[in-house]
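Keep in mind that this is a model prediction, so the values were computed, not measured.
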Amino acid sequence: MNEPQQLAELRTTRSTGKKRLIIAGGALIGVGALATVAAFTDFGLLNLGGDGGFGGPDNAYNIQVSAGQEDTVAGVANWIEANPEAVDVVPIEGADALVPGGAPVDVNIPVLNASPTFGSTLEVAIEDTTPADADTTQEARNTSYASLVRISIAQVADASTAPTTWVIEDATISEANTALNDLDAEAGIVTVVRVGLAEGATQEETNAANGGMVNLQARFDGTSVN
């Protein structure tokens with residue numbers, strides 16, 4: 001075989017080998033595609049928070065009060081939602097007969113953290129809700145009367161006896177606001193609000209309050225605690 005024939009056969013062999021490599025590569029690609037289509041898949045799902053999810057009406061944060069002036073939380077027969085509308089406390093003996101320097105009257109207000117889940121902070125503020133009087137003379141009496149009002153606040157488990165410790169004492173209406181002890185979930189306490197009249201700095205100041213009146217409202221505010 002001469003040299004030109006040998007070179008021709010060598011080129012043919014290399015060319016054929018190259019074609020075989022290309023065909024083999026194509027076969028491998030085809031097998032890979034079939035394996036991907038036939039692969040198994042799976043997934044997992046979990047409901048976070050159990051079957052009830054997060055939150056819910058049964059776990060609502062809620063502060064309730066009683067208007068019955070009971071001595072203890074256990075003695076309250078009817079807890080009420082005094083929000084957003086205020087509820088009148090049962091008649092307070094002696095409230096209409098306060099005199100400057102005389103005996104005060106106590107108002108018992110049971111308060112309950114009705115939440116089964118959350119603890120609660122608790123604050124109380126006494127607010128003057130006396131409506132304006134068109135009679136300017138009576139309006140002046142009311143203003144003078146309100147200036148002599150003094151308020152003390154205590155927090156007790158049993159108000160059948162007078163409190164011996166007060167959170168605040170002899171505060172004016174604008175000063176009568178304070179933080180109370182936190183309440184555990186479903187726990188309550190009795191807040192005692194003592195209302196009296198101080199004597200004026202002068203007899204004229206005291207006399208100016210004669211015939212006056214004031215409407216007071218207790219506002220309880222709480223914040224949930226985890």
For residues 148-157, the side chain to side chain donor-acceptor pair (under 3.5 Å) pairs (sequence neighbours left out) are Q155-N181

Rounded to the nearest 0.5 Å, how far does CG of N108 lie from OG1 of T72?
-> 10.0 Å

Nearest heavy-atom approach of N177 to A125 is CB-CB, 3.7 Å

Partners meeting side-chain contact (heavy atoms from CB on, under 4.5 Å) with E93 (sequence neighbours left out) | none

With sequence neighbours excluded, residues passing side-chain hydrogen bond (donor to acceptor under 3.5 Å, both in side chains) with Y145 = none

Would I168 end up clustered with V111 when hydrophobic side chains under 4.5 Å apart are linked, directly or stepwise?
-> yes

Would a 4.5 Å heavy-atom cut-off, applied to side chains only, mark V214 and I173 as touching?
-> yes

Extract all donor-acceptor atom pairs below 3.5 Å that involve side chains of residues 80-91 and protein atoms in other chains or at least two apart in sequence.
from : atom 1 : to  : atom 2 : distance (Å)
E81  : OE2    : N62 : ND2    : 2.7
E81  : OE2    : Q64 : NE2    : 2.7

What heavy-atom pair brings A60 and P116 nearest, and what distance separates the two atoms?
-> O-CD, 4.2 Å

Please tabulate, for the side chains in residues 183-197, all donor-acceptor contacts under 3.5 angstrom to protein atoms that are two or more places apart in sequence or on a different chain.
from : atom 1 : to   : atom 2 : distance (Å)
R194 : NE     : D106 : OD1    : 2.6
R194 : NH2    : D106 : OD2    : 2.9

Stepwise side-chain contact (heavy atoms from CB on, under 4.5 Å) check, V124 with I153 | CA-CA 9 Å; V124 62; I153 297 175; 3.9 Å; yes

Could you list all the salt bridge (charged side-chain N to carboxylate O under 4.0 Å, His left out) pairs where at least one residue sits in residues 60-75, not counting sequence neighbours?
-> none

Across all chains, not counting sequence neighbours, the side-chain hydrogen bond (donor to acceptor under 3.5 Å, both in side chains) partners of S147 are none

Kindly write out the residues that satisfy side-chain hydrogen bond (donor to acceptor under 3.5 Å, both in side chains) with Q138, not counting sequence neighbours, or none if the list is empty.
-> R141, N142

Could you check F118 against V225 for side-chain contact (heavy atoms from CB on, under 4.5 Å), going step by step and ending with a plain yes or no?
-> CA-CA 6 Å; F118 302 105; V225 177; over 6 Å; no

Determine, step by step, whether L148 and E199 satisfy the side-chain contact (heavy atoms from CB on, under 4.5 Å) criterion, reporting the C-alpha distance in whole Å, the side-chain angles of both residues, the deciding distance to 0.1 Å, and the verdict.
-> CA-CA 7 Å; L148 299 183; E199 294 181 343; over 6 Å; no

For F40, which fellow cluster members are found when Ile, Leu, Val, Met, Phe, Trp and Tyr are connected by side-chain heavy-atom distances below 4.5 angstrom, either directly or through intermediates?
-> none

Check whether any side-chain heavy atom of V149 lies under 4.5 Å from a side-chain heavy atom of D128, and answer yes or no.
-> no

Counting only N and O atoms by type, is there a donor-acceptor contact under 3.5 Å from the side chain of Y61 to the main-chain atoms of T223?
-> yes

How far apart are the closest heavy atoms of S120 and G222, and which atoms are they?
-> OG-CA, 4.0 Å

Contacts of T164 meeting side-chain contact (heavy atoms from CB on, under 4.5 Å) (sequence neighbours excluded), chain-then-number -> none

Output all residues satisfying side-chain contact (heavy atoms from CB on, under 4.5 Å) with T143, sequence neighbours left out; order by chain, then residue number.
-> E139

Minimal heavy-atom distance between G200 and T206, with the atoms involved, is N-OG1, 2.8 Å

Residues that D182 engages under salt bridge (charged side-chain N to carboxylate O under 4.0 Å, His left out), provided they are two or more places apart = none

